[in-house]
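Since the structure is predicted, the reported quantities are computational estimates derived from the model, not experimental observations. When reading the values below, keep in mind they use all heavy atoms of this one structure, side chains included, and skip hydrogens, waters and symmetry mates. For ligands, and for the atoms within them, numbers begin at 1 and follow the listed sequence. One-based numbering along the sequence shown.
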Amino acid sequence: MTTPPSTPKKLFIKTYGCQMNVYDSQRMAEAMGSEGYVLTENQAEADMVLLNTCHIREKAAEKLYSDLGRLKPLKAERPDLKIGVAGCVAQAEGAEIQRRMPLVDLVVGPQAYHRLPAMVRKGGGIDTEFPAEDKFEHLPKPAATRRAPAAFLTVQEGCDKFCAFCVVPYTRGAEVSRPVARILAEARDLVGRGVREITLLGQNVNGWHGEGPEGREWGFGRLIRAIAEIDGLDRIRYTTSHPNDMADDLIAAHRDEPKLMPYLHLPVQSGSDRILKAMNRKHTVETYLRLIERIREARPDIMLTSDFIVGFPGETDDDHRATLDLVARVNFGTAFSFKYSPRPGTPAYERPEVESDIADARLQELQALLTSQQKAAQQSMVGRELGVLFEKPGRNPGQMVGKSDYLHAVFVEAPQARVGDLVRVRITHSAPNSLAGELAA
Ligand code: 5AD
Ligand code: SF4
């Protein structure tokens with residue numbers, strides 16, 4: 001342990017991609033805090049720039065190189081500026097990054113973050129090992145500073161599903177579940193620091209199965225119930241889930257546990273059995289629809305969201321229509337849809353691609369349908385009274401912005417309210433990407 005210098009060094013972190021990266025960036029910032037670094041929002045004044053990258057689609061990965069290109073003048077001006085690449089591109093490309101971009105001082109994969117402070121002390125290096133230990137346990141304990149009211153907590157990492165298009169099993173590695181005791185300790189610590197809503201994270205979060213306090217294995221539903229017992233915690237969410245891991249007990253938790261928010265992100269990727277098979281999803285359209293039915297029986301007001309890939313190798317017009325049909329049958333609150341991007345090292349990489357124009361047209365068509373469903377879902381909130389957790393002041397004086405139970409951003413006139421208040425709001429208006437409402441009497 002080095003003693004922090006009197007004038008703290010400044011660390012700028014840019015986070016790409018998923019919420020897991022947001023969580024990891026926070027943990028790296030805390031770890032670097034014990035090395036005497038404080039976060040800055042201004043890249044130009046940073047002593048160290050850390051890019052926490054995403055490898056899921058080609059565009060995301062290429063973004064790293066254009067951002068590194070833009071850092072060249074800053075590094076030329078201040079050669080002592082440290083530049084680090086973390087995250088999934090670091091894991092996938094390792095030393096190649098430094099070969100392509102010699103200005104990079106260090107490359108650290110997502111499983112090696114606990115060794116970041118030592119690497120920085122050494123002046124750089126490459127670490128993309130998958131250590132056997134829980135990296136989170138080896139990160140310095142965060143200072144007991146106050147936190148924003150909504151926080152992420154990683155409970156599971158990695159994926160054993162090997163969908164044919166996906167890099168995650170290679171970049172994040174095999175599924176690892178953190179033990180109950182550590183998760184509960186972290187959750188209690190967050191609540192003690194002002195957190196009222198926790199989103200449990202994992203690439204396959206509902207596949208979490210960890211060691212319980214008595215040494216026996218717990219499932220994810222039981223973990224949620226245990227976290228719900230923490231006084232002062234009001235809301236629980238989780239993401240991202242695989243349909244095949246929606247255990248009965250987890251579905252039951254949606255029925256029984258009021259702190260579990262009525263919102264579920266459940267990627268389906270395609271509505272064609274042929275394509276689901278080619279994707280190695282290991283479920284069918286029918287099993288997905290039946291699952292949705294059971295979830296809605298347990299929690300009738302639940303809002304469902306999903307991920308879709310269009311233009312997967314071999315996708316025909318009929319397959320695409322089947323996807324539109326599934327979307328029409330489920331009726332999603334919102335969804336992410338992507339054009340298939342071939343990723344080196346994945347099973348689908350070498351397969352003949354759907355013509356780019358065709359895939360573009362399909363994406364547009366799917367997005368138009370999903371947008372209309374999103375609009376309808378938001379519109380259906382108007383007139384309803386919902387819980388809203390205030391996360392920050394709005395642009396106008398006296399205004400607050402928070403998230404509804406269904407994760408919509410809600411703008412409310414509430415001059416007396418404070419960040420962290422959980423209030424009842426009557427929704428009065430739906431805008432394209434947010435709602436407006438007034439405090440309920
Ligand atoms: N091309 C396009 N989209 C992808 N996703 C994952 N891999 C790819 C790929 N190669 C999408 C999936 C996943 C989401 C996080 O990203 O829909 O659920
Ligand atoms: Fe990727 Fe499939 Fe694992 Fe999700 S379940 S992370 S899409 S391999």
Can you figure out which of Lys282, Lys161, Gln203 has its heavy atom closest to atom 4 (Fe) of ligand 2?
Gln203
Would you call the rings of Phe332 and Tyr288 parallel, tilted or perpendicular, taking 30° and 60° as the class edges?
tilted
Taking N or O atoms only and a 3.5 Å limit, does Tyr340 qualify as a polar contact for ligand 1?
no
If you count the atoms of ligand 2 from 1 in the order shown, which ones are under 4.0 Å from a heavy atom of Val168?
6 (S)
Give the contacting part of Phe338 toward ligand 1: side chain, backbone, both or neither, where contact means a heavy-atom distance below 4.0 Å.
side chain
Protein heavy-atom partner closest to atom 14 (C) of ligand 1 - residue, atom, separation in Å
Asp307 OD2, 3.4 Å
In ligand 1, the atoms that come under 4.0 Å of a heavy atom of Arg343 are 10 (N)
Taking atom 10 (N) of ligand 1 as the reference point, the nearest protein heavy atom with its distance:
Ser341 O, 2.7 Å
The single option from Gln378, Lys375, His408, Gln374 passing side chain to side chain donor-acceptor pair (under 3.5 Å) against Thr334:
Gln374
Which heavy-atom pair separates Val401 from Gly394 by the least distance, and what is that distance?
CG2-CA, 3.5 Å
When Arg237 is tested against each of Leu407, Leu200, Ile198 for side-chain contact (heavy atoms from CB on, under 4.5 Å), which residue passes?
Leu407
Hey, which atoms in ligand 2 end up nearer than 4.0 Å to a heavy atom of Phe165?
7 (S)
Nearest non-hydrogen protein atom, atom 7 (N) of ligand 1:
Phe165 CD1, 3.3 Å
Atom 6 (C) of ligand 1: nearest protein contact (heavy atom, Å)
Ile56 CG1, 3.4 Å
Distance to 0.1 Å, residue and atom name: give those for the protein heavy atom nearest to atom 17 (O) of ligand 1.
Gln269 OE1, 2.6 Å
Closest candidate by heavy atom, reference atom 5 (S) of ligand 2, pool Gly158, Cys18, Cys159
Cys159
Do the rings of Phe336 and His265 sit parallel, tilted or perpendicular, given the 30° and 60° boundaries?
perpendicular
Check whether Thr53 reaches the backbone of Val89 with its side chain - one donor and one acceptor, N or O, closer than 3.5 Å.
yes
At less than 2.8 Å, would any N/O/S atom of His242, backbone or side chain, sit next to atom 2 (Fe) of ligand 2?
no
Side chains of Asp307 and Gln269: is there a donor and an acceptor less than 3.5 Å apart?
no
Find all atoms of ligand 2 within a distance of less than 4.0 Å from any non-hydrogen atom belonging to Phe162, and give their numbers and elements.
8 (S)
Checking a contact table here: which protein heavy atom is nearest atom 3 (N) of ligand 1, and how many Å away?
Arg57 NH1, 3.4 Å
Using modelled atom types only, decide if a donor and an acceptor are shared between the side chain of Lys259 and the backbone of Ile230 within a distance under 3.5 Å.
yes
Return the residue, atom name and 0.1 Å-rounded distance of the protein heavy atom closest to atom 1 (Fe) of ligand 2.
Cys166 SG, 2.2 Å
Among all protein non-hydrogen atoms, which one is nearest to atom 8 (S) of ligand 2, and what is the separation to 0.1 Å?
Cys163 N, 3.3 Å
For ligand 2, which atoms have a heavy atom of Pro169 less than 4.0 angstrom away?
8 (S)
Using 30° and 60° as the class boundaries, would you call the ring planes of His254 and Tyr238 parallel, tilted or perpendicular?
tilted
So does Glu315 pair up with Arg351, basic N to acidic O under 4.0 Å?
no
A cation-pi test, strictly: NZ or CZ of Arg57 under 6.0 Å from the centre of the six-membered ring of Phe338 and no more than 45 degrees from its axis. Yes or no?
yes
